[in-house]
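We use all heavy atoms of the structure for the numbers below, so side chains are in, but hydrogens, waters and symmetry mates are not.
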Amino acid sequence: MSSLKAVVFDIYETLAFNGPGLWLNSFRKIRESQNLSVDEGILWDRWLSLERNFRHRRLNLTTMELQRPFESYEEAWISCFVQVFKEME
């Protein structure tokens, strides 16, 4: 019997389409629900810049080690939105 305990997949752009159009549509819905006057493309660009910083913070690409303390995508994405909205005030 194998000692295999888990199989992990990188789903986005591997098993599931995750193109910019889907993100822009989501950000359009956020913009509309929050009554924001900013274009969804600008909102997404600002958010994406912060989200990329999170990904670089989260994983050391040289050693492939997760950084501590662990930060979930949910926590990071909320933080990115909070920061973007503060910048827009």
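Panel note: side chain S33, backbone I30; a donor-acceptor pair is recorded below 3.5 Å. Without hydrogens or angle criteria, Q34 side chain to R31 main chain gives no donor-acceptor distance under 3.5 Å. The closest donor-acceptor contact from the side chain of R58 to the backbone of E71 lies under 3.5 Å. Checked by atom type and distance alone, the side chain of E40 never pairs as donor or acceptor with a backbone atom of V38 at under 3.5 Å.
Two residues are said to be in side-chain contact when any heavy atoms from C-beta on lie closer than 4.5 Å; W23 and N18 meet this criterion. Between L43 and F85 there is a side-chain heavy-atom pair separated by less than 4.5 Å. The closest side-chain heavy-atom distance from E74 to I78 is below 4.5 Å.
Summarising the geometry, atom CE belonging to M88 is positioned 6.0 Å from atom CZ belonging to R46; distances are rounded to the nearest 0.5 Å. Once rounded to the nearest 0.5 Å, the distance linking CG of L48 with CZ of F27 reads 8.0 Å. One distance of note links CD of E65 with CG of L59; it measures 9.0 Å at 0.5 Å rounding.
W47 and L22 fall into different hydrophobic clusters, where Ile, Leu, Val, Met, Phe, Trp and Tyr are joined by side-chain heavy atoms under 4.5 Å apart, directly or via other members. Hydrophobic cluster membership differs between L50 and V82, with clusters built from Ile, Leu, Val, Met, Phe, Trp and Tyr side chains linked at under 4.5 angstrom. Cluster annotation: L15 is not connected to F17 through the hydrophobic network of ILVMFWY side chains, with a link wherever side-chain heavy atoms come within less than 4.5 Å.
W44 and D39 form no side-chain donor-acceptor contact under 3.5 Å, judged by distance and modelled atom types alone.
Ring pair Y73/W77 is perpendicular by interplanar angle, where above 60° counts as perpendicular and below 30° as parallel.
More than 12 heavy atoms of other residues, nucleotides or ligands lie within 6.0 Å of CD in E87, so this atom counts as buried by the packing criterion.
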